[in-house]
Amino acid sequence: MRVRFAPSPTGALHIGGARTALFNWLLARHAGGELVLRIEDTDAERSTPENVEQILDALQWLELDWDEGPILQSARAGRHREALQALLDAGHAYRSNATAEDVKEYKRLHGADRGFRGEPESAGAVRLHVPADGATVVHDLIRGETRFEHVHLDDPVIARADGSVLYNFAVAIDDLDAGITHVVRGEDHLSNTPKQLLVLEAARDAGIDRSEDGRQTPLPLYAHLPLLHGPDGKKLSKRHGAASVQELRDAGYLPEAVRNYLALLGWGAGDDATVMSTEELIERFTLERVSRNPARFDETKLRWLNGRYIRGMPLGELTRRIERFTGREGLQDAVRISQEKIHTLADFWPLAGSLIDGPVEDPSARERWLTGDGRAALADARAALAGAASFDEAGVGEALAAVVEGRAVKPREVYQPLRVAITGSTVSPGIFESIALLGREETLRRIDRALAGD
RNA sequence: GCCGCUAUCGUCCAGGGGACUAGGACGCCGCCCUCUCAUGGCGGAAACCGGGGUUCGAAUCCCCGUAGCGGUACCA
């Protein structure tokens with residue numbers, strides 16, 4: 001089995017593209033086949049080297065590797081011209097100066113459901129001859145047979161007047177030359193498939209489909225994946241939050257969680273498995289179980305899944321990732337007491353950063369907890385902590401429990417003022433853990449500053 | 001407009017003629033745990049797009065309608 005992932009570098013790699021890459025990768029790894037990476041950059045206007053870099057970078061972050069490539073489609077222009085000329089010579093294609101208006105006029109005359117047929121001219125863009133009768137049937141591995149009647153198909157333009165080839169031609173030739181056995185891509189390409197199949201058949205007839213050993217290359221099998229949409233059912237875009245792989249990374253998601261989540265969009269293991277390691281995904285993934293319905297990208301479920309991965313991760317590993325994410329070091333103790341409270345790497349600093357860089361400013365928190373009884377409770381807590389026999393979590397807990405008991409109040413009446421005093425905010429890791437982490441000296445200093453505050 | 005794809009809880013995935021009183025997960029609601037936020041545990045609400053047909057029997061098969069999406073570029 002040889003599959004391919006063929007993004008066009010017209011922007012960052014979006015979630016939909018990442019899912020297509022993942023499915024191809026899963027399929028190749030499951031079957032012990034090869035994955036070819038091809039960059040579809042035949043549109044020089046819109047393709048940039050920066051975008052190519054970004055796509056490669058995104059795939060690397062996702063830890064999806066490939067076995068061949070990246071092959072730049074633009075580098076194959078020579079082969080494309082040769083193949084194009086062969087089709088022209090064999091009479092499967094012709095030059096035409098017909099414009100979009102001409103096509104419209106043709107349909108007005110012959111009916112809206114009649115495909116455009118042009119007259120061969122000496123110059124102009126190159127169109128493929130679509131047979132007058134019959135139909136091209138796409139045997140889609142996911143959707144079954146889809147029949148496209150030739151009368152409905154326009155003679156597609158396969159090359160510009162300057163001889164540079166267009167997408168539907170380049171794809172067909174490249175898939176053929178690369179010996180691709182399974183074309184797995186988004187459903188938006190289903191309608192393009194008959195055109196590509198027609199190019200492939202014309203290419204065979206023109207005799208340009210022979211591999212080195214002279215054998216005819218079999219036509220690839222096709223599988224069209226359901227499309228991915230935003231939460232509102234519309235096409236994915238920036239409005240939907242993290243829509244590109246880079247944005248997912250910056251939002252603090254883990255690549256393994258993203259892989260797991262993306263695999264669940266348009267595919268299910270068959271039983272009720274939700275959390276699956278990449279190894280398990282590889283083992284269980286099959287095209288037969290891919291759904292036909294479009295799916296929506298729902299970030300809340302990704303967040304939950306990401307949280308599961310974070311909680312299940314060894315402390316050292318999580319620390320390493322958070323340190324790389326934040327660019328800080330020496331975070332292990334803070335990470336340890338935050339692990340069960342965060343869902344993404346990005347959640348860590350807002351939760352626990354104040355333990356490292358000092359309390360944050362939150363006037364409303366001070367107003368609510370550091371006035372009246374709160375101040376008094378804080379003073380008691382200070383005294384208790386100053387005299388605590390030991391300053392580990394248990395020692396701190398004991399000392400503070402005594403304060404709660406002594407004041408005969410609900411625990412929060414002591415703990416919240418304390419939390420605001422040492423972190424500045426009402427949200428933090430556990431209070432005993434936080435205080436133990438700070439140590440006696442720093443804790444008392446922060447309490448004193450809070451007490452002196454207003 | 002034309003051509004095509006799709007249609008099960010708010011979302012994702014099961015179920016593919018009788019096992020459906022339609023299952024699991026996220027989210028939501030409630031309870032428990034609890035120092036905040038979380039985590040964890042328990043419970044709950046929540047769906048077969050509409051209409052015909054086939055059949056003893058339809059979420060499941062067929063047709064029509066509707067809706068969503070895609071294609072219809074000298075874009076990919």
Side-chain angles (χ1 to χ4, degrees), chain A residues 6-10 40-43 45-47 73 96-100 103-104 107 111-116 124-127 138 140 143 146-149 151-154 156-162 164-168 170-171 186-195 224 226-227 229 231 233-235 261 264-275 289 291-305 307-308 311 338-343 347 351 365 369 397 400-401 404 410-416 418-420 423 425-432 434:
Chain A
S8 84
T10 54
E40 314 244 289
D41 60 346
T42 54
D43 185 354
E45 305 278 300
R46 300 197 301 158
S47 304
Q73 201 161 49
S96 163
N97 282 306
T99 62
V103 173
K104 241 180 170 170
K107 286 175 190 284
D113 61 344
R114 309 298 283 194
F116 173 76
V126 180
R127 282 182 188 269
V138 178
D140 193 283
R143 280 150 221 285
T146 303
R147 189 181 177 84
F148 294 87
E149 298 293 339
V151 282
H152 298 315
L153 257 38
D154 292 337
V157 177
I158 54 176
R160 302 180 179 90
D162 66 6
S164 61
V165 302
L166 261 23
Y167 173 74
N168 282 122
V171 167
E187 193 205 317
D188 48 340
H189 289 292
L190 182 57
S191 304
N192 287 326
T193 308
K195 301 175 204 172
H224 288 95
L227 257 23
H229 296 287
K234 295 283 194 295
K235 208 171 149 74
Y261 176 69
L264 261 19
L265 257 28
W267 177 82
D271 54 19
D272 292 322
T274 301
V275 183
R289 294 212 57 87
S291 151
R292 293 185 306 278
N293 326 2
R296 300 182 188 207
F297 175 71
D298 174 23
E299 201 171 335
T300 60
K301 190 163 185 174
L302 208 209
R303 269 188 77 78
W304 166 80
L305 237 195
R308 289 279 304 238
R311 291 193 295 281
S338 303
Q339 184 164 15
E340 70 167 23
K341 295 175 181 296
I342 60 176
H343 289 93
D347 289 343
L351 179 74
W369 294 105
L400 293 176
V404 170
K410 288 183 175 171
R412 62 185 289 147
E413 300 301 328
V414 172
Y415 299 145
Q416 279 300 78
L418 198 44
R419 188 187 313 281
V420 173
T423 72
S425 95
T426 56
V427 179
S428 79
I431 193 70
F432 307 153
S434 296

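Below, read A as the first sequence line, B as the second, and so on, with proteins coming before strands; counting in each chain starts at 1.
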Euclidean distance for P, C13(B) against C49(B) (whole angstrom): 15 Å
Selection from C74(B), U11(B), U39(B) that lies nearest to any side-chain heavy atom of His343(A): U39(B)
Asp43(A) or Glu340(A), whichever maps to the more 5' nucleotide of RNA chain B: Glu340(A)
Tyr167(A)/Glu40(A) under side chain to side chain contact (heavy atoms under 4.5 Å, CB included): CA gap, chis, key distance, verdict: CA-CA 8 Å; Tyr167(A) 173 74; Glu40(A) 314 244 289; 2.9 Å; yes
Under 4.0 angstrom between Arg160(A) side-chain N/O and A73(B) OP1 or OP2: no
Donor-acceptor pair present, Arg46(A) side chain and C75(B) base, under 3.5 Å: yes
Heavy-atom donor-acceptor pair, Lys341(A) side-chain to U36(B) base, under 3.5 Å: yes
Glu187(A) with Arg292(A): basic N within carboxylate O range, under 4.0 Å: no
Nearest-Å distance once atom C1' is located in both C20(B) and C48(B): 11 Å
Spacing of Gln339(A) atom CD relative to G40(B) atom C1', expressed in whole Å: 14 Å
Check: Arg419(A) side chain, C35(B) base, donor-acceptor under 3.5 Å: yes
Nucleotide of U6(B), C74(B), C35(B) approaching Gln416(A) most closely (side-chain heavy atoms): C35(B)
C1' spacing across the pair G70(B) / G51(B), given as an integer number of angstrom: 27 Å
No-hydrogen, no-angle side-chain donor-acceptor test under 3.5 Å, Arg419(A) and Thr423(A): no
For Leu418(A) against Ile431(A), the heavy-atom pair lying closest together: C-CD1, 4.2 Å
Options C26(B), C13(B), U36(B), nucleotide nearest the side-chain atoms of Arg412(A): U36(B)
Secondary structure string for RNA chain B (Watson-Crick or G-U under 3.5 angstrom, | for other-strand pairs): (((((((..((((....[....)))).(((((.......)))))....(((((..]....))))))))))))....
Asp41(A) (side chain) and A76(B) (base): donor-acceptor pair under 3.5 Å: no
Selected nucleotide, minimal atom distance to Lys301(A) side chain, candidates G24(B), C69(B), A76(B): G24(B)
Pair Glu299(A) + Lys301(A): basic N to acidic O under 4.0 Å: no
Nearest-Å distance for atom pair CD/P, residues Glu187(A) and G68(B): 16 Å
Length of the CD-C1' vector between Glu40(A) and A76(B), whole Å: 7 Å
Distance, C1' atom - from A76(B) to G68(B), rounded to whole angstrom: 23 Å
Earlier contact from the 5' end, RNA chain B, for Leu190(A) and Leu351(A): Leu190(A)
Phe432(A) side-chain proximity, nearest of C35(B), A25(B), U39(B): C35(B)
OP1 or OP2 of U72(B) under 4.0 Å from side-chain N/O of His152(A): no
Salt bridge flag under 4.0 Å for residues Arg303(A) and Asp347(A): yes
Nearest-nucleotide pick for Ser291(A), side chain only, options being C37(B), C75(B), C13(B): C13(B)
C1' atoms of G52(B) and A58(B), separation to the nearest Å: 13 Å
Side-chain N,O (Arg308(A)) to OP1/OP2 (C26(B)) below 4.0 Å: no
Side chain of Ser191(A) - closest among C12(B), G70(B), C5(B): G70(B)
Distance, rounded to the nearest Å, where Trp304(A) contributes CH2 and A38(B) contributes P: 17 Å
Rounded interatomic separation in angstrom, taking CG from Asp271(A) and C1' from C13(B): 10 Å
Below 4.0 Å: OP1/OP2 of G15(B) and any side-chain N or O of Arg289(A): yes
Sugar-phosphate, base or nothing in reach of Ala112(A), heavy atoms under 4.0 Å: sugar-phosphate
P-based separation of U39(B) from G71(B) [nearest Å]: 39 Å
Phosphate OP1/OP2 of U36(B): any Ser425(A) side-chain N/O under 4.0 Å: no
Asp154(A) side-chain N/O to Pro156(A) backbone N/O, donor-acceptor pair under 3.5 Å: no
Nucleotide of G70(B), A76(B), G4(B) approaching Phe148(A) most closely (side-chain heavy atoms): G4(B)
Shortest side-chain distance from Leu166(A), nucleotide among A76(B), G4(B), C2(B): A76(B)
Donor-acceptor under 3.5 Å (His152(A) side chain, Gly115(A) main chain): no
Shortest non-hydrogen separation from Pro9(A) to Asp41(A) and the atoms involved: CG-CB, 3.9 Å
Phosphate OP1/OP2 of U8(B): any Asn293(A) side-chain N/O under 4.0 Å: yes
Sidechain N-carboxylate O distance under 4.0 Å for Asp43(A), Arg46(A): yes
Between A47(B) and U60(B) - C1' atom distance, rounded Å: 15 Å
Touch class at under 4.0 angstrom, heavy-atom based, for Gly186(A) against every strand present: nothing
Inter-nucleotide P distance (A46(B), C3(B)), Å rounded: 42 Å
Rounded distance (Å) that lies between atom C1' of A76(B) and atom CG of Asn192(A): 9 Å
Sugar-phosphate only, base, or nothing, as touched by Pro429(A) at under 4.0 Å among non-hydrogen atoms: base
Distance, rounded to the nearest Å, where Asp272(A) contributes CG and C12(B) contributes P: 16 Å
Spacing of Trp267(A) atom CH2 relative to A25(B) atom C1', expressed in whole Å: 14 Å
Verdict with supporting geometry, His224(A) and Thr193(A), side chain to side chain donor-acceptor pair (under 3.5 Å): CA-CA 10 Å; His224(A) 288 95; Thr193(A) 308; 3.2 Å; yes
Given A7(B), U39(B), C26(B), the nucleotide with the shortest approach to the side chain of Arg292(A): A7(B)
Side chain Thr300(A) and base G27(B) donor-acceptor under 3.5 Å: no
